[in-house]
Amino acid sequence: MHAYRSHTCAELNKAHAGETVRLSGWVHRVRDHGGVLFIDLRDHYGMTQVLADSDSPAFKAIEKLKAETVVRVDGRVKARDASLVNSKIPTGEIEVYVTDLEVLGPAEELPLLVFGDQEYPEETRLTYRFLDLRREKLHRNMMLRSRVVKSMRDRMWGSGFTEFQTPIITASSPEGARDFLVPSRLHPGKFYALPQAPQQFKQLIMVAGFDRYFQIAPCFRDEDPRADRSPTDFYQLDLEMSFVEQEDVFAAIQPVIQGVFEEFGGGHKVDAVWPRISYADSALWYGTDKPDLRNPIKMARVSEHFAGSGFAIFAKLLEQEGTEIRAIPAPGGGSRKFCDRMNAFAQKEGLPGMGYIFWRKRGIDSSLENTRDFLTEFLSTALKGQPTDGIAERHSAPSSDELDEVKNRIVAAVSEGDFEKAKFIQDAHFGHLDAAGPVAKNIGPERTEAIRRQLGLGEGDAVFFLGGHPAQFEAVAGRARTEIGRELGLTEQNAFRFAWIVDFPMYEKDPETGKIDFSHNPFSMPQGGMEALDGDPLKVLGYQYDLACNGYEIVSGAIRNHRPEIMFRAFALAGYPKEEVENRFGGMVKAFKFGAPPHGGCAAGIDRIVMLLADEQNIREVIMFPMNQRAEDLMMGAPSEPTNQQMRELRLRVTPKE
RNA sequence: GGAGUUGUAGCUCAGAUGGUUAGAGCGCCGGCCUGUCACGCCGGAGGCCGCGGGUUCAAGUCCCGUCAACUUCGCCA
């Protein structure tokens, strides 16, 4: 018999009854009943209940076992009585009566329990990651990750891509993030860098004529972490294609991503149609370049309704250059309580607050009834094209100057034949909806009605307003949109919604220094080529795109700039002279001078995709050995101090902390 | 670097308004138990209430500072 096992802990069933078997695994849980005791024996594959009673030669030893001890047991498979079957586990129809036991790996008292779903501090979990990984959830997440990567790889091969590895120790490539540097022993004072992405290498692979490349590539960036961003390193499905345009790249990657989400998405709905949304529209509608389209709320510009209005804050604001008022519609959010809560949310996010309007049924004052009746009859008669003479006599006169004014304007509109306008004024003042909230009072019924119509809102709905320079409130507006969608239950559950965000601007202006710099990837081809670079840099768009899914950026890519002369010009606009470009990207620029094919590609964030598929909120839950928030590996003790010998070899000295 | 939240037993957490000896569940240790599968029952150990200072007759509780963790802004091809 094999030294450790004849079967795994997931294999045995009724058909094995009577057989003598050997199992190895961890002592998951012990249930000691005095004369009989049970152990759940666990391995990677599953769990089997083993038992011993006082007649068993192993009884004494088994009584002393502690949780997580690794043991080998020999025993006899017993079919369980119907009343004793455990339907929760696949091996629940049998149990193994232990005749011999050997401790293979004793275990001390645990800092973290493997069974149960008790929560532990991250610090403990990361220090004892190997224990945490034994637990069901992480074990499952890591297996999911492994299968996702295999599926991606298979799909890529299936679509004619070939896989190549690129260097890990390489040259610095100033693409935005901070580099991890590696000191060179052979060249004291010089440093290698770990690649932030295999960007230049994959472009060179295209120049080398391989046509379609992919790689499951590690990427290294020395930036602060976020819940969806690992510090230090992460993995991408990196791909590049020659002789393609933007839509060709989309067509290549969509089946891979969609396929993986369908395969591992646990039955969630997966979008088959991925809309293209411009960066500008995405910012306006969703307040972010990675919108969550499960949330149906679409924001809108409503400046015109506030310009010159009685709402002084916004009216004044709009007199400044570049300001706008934007609306976040909130269908079903029409209560004072909800509106106040969202206003508080905006204040917590650092804004002065959000103005709001909400609509409810209008209770018409009896003193207004006459006017309303008059107008209703007058309008409906007018709309039918019949003479309106004599209607005034059938109703007593309106009761105030203000009402007179409204009435006269309706009558005037009708006489000009502008029935639409007449109906609008009528609705604004006497319609069945009453607009509540301070904003409505200040801008008056007609501007309020115009906003309501623009946004398609009705009874029980609300709308929130934000004003100023869009760059300053857009992101908060986006978060408010998310919050509103969530609170009102508008955001669809159990679905993955995708969209390509396209037409990213090539450049942006630093609001403080006024300096023009690349807003995204400097290697992208500007739309319109060389000519486009002659005008206003801030208006130049790139062939650059992201794929957004449920509020996360999961793919990013571009059609590359493969023409040296356009590249020099593009860099010059951002203030990089030709010499510097040649200095920093010499290898690539040179390559482009010897026949470079038009090419483009993208990279998909594997960690984030698995995170979405595993329904996890934190990327550390899908990484085998993650760093903590301070980029430390608590288990391995990294970073650590080098030995003096190492420092001498590298000719390095650390300056003391100030 | 800025902001928010949290910090009480090994772990998860409870401890209104300041007031006797700081509690529960899980885990751990000891005992009982031959059908459990989150076994049950009895008993026990285990606390610088993150740390420092202050207010007060009295501080886990209020104030100031500080440290740590997480989240977030900046940053992020």
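Every chain is numbered from 1, with letters handed out A, B, ... down the list of sequences.
- Rounded to whole angstrom, the span from the CD atom of A:Gln629 across to the P atom of B:C75 amounts to 17 Å.
- Comparing the P positions of B:A3 and B:G74 gives a spacing of 15 Å, expressed to the nearest Å.
- You'll find the ring centres of A:Phe220 and A:Phe234 outside the 6.0 Å limit.
- As rounded to the nearest Å, B:A69 and B:G30 have P atoms that lie 36 Å from one another.
- The separation of B:G47 from B:U36, taken at their P atoms, amounts to 37 Å, rounded to a whole angstrom.
- Using a 4.0 Å cut-off on heavy atoms, the residues of residues 25-35 of chain A that approach RNA chain B are A:Arg29, A:Arg31, A:Asp32, A:His33, A:Gly34, A:Gly35, listed by number.
- A donor-acceptor pair shorter than 3.5 Å can be found between the side chains of A:Ser524 and A:Gln544.
- Checked for salt-bridge contact, A:Arg135 and A:Asp117 miss the test: no charged N lies under 4.0 Å from a carboxylate O.
- Searching all strands for a Watson-Crick or G-U wobble partner of B:A24 with both distances below 3.5 Å returns B:U12.
- Between A:Phe201 and A:Phe164, a ring centre-to-centre spacing not shorter than 6.0 Å is recorded.
- B:G60 is unpaired under the Watson-Crick or G-U wobble criterion, no partner having all donor-acceptor distances under 3.5 Å.
- Under 3.5 Å, the side chains of A:Asp132 and A:Tyr120 contain no donor-acceptor pair of N or O atoms.
- Taking the syn range as angles within 90° of 0, the glycosidic angle of B:A69 is outside it, so the base is anti.
- Contact check on A:Lys590 versus A:Glu582 returns no salt bridge, with no Lys/Arg side-chain nitrogen under 4.0 Å from an Asp/Glu carboxylate oxygen.
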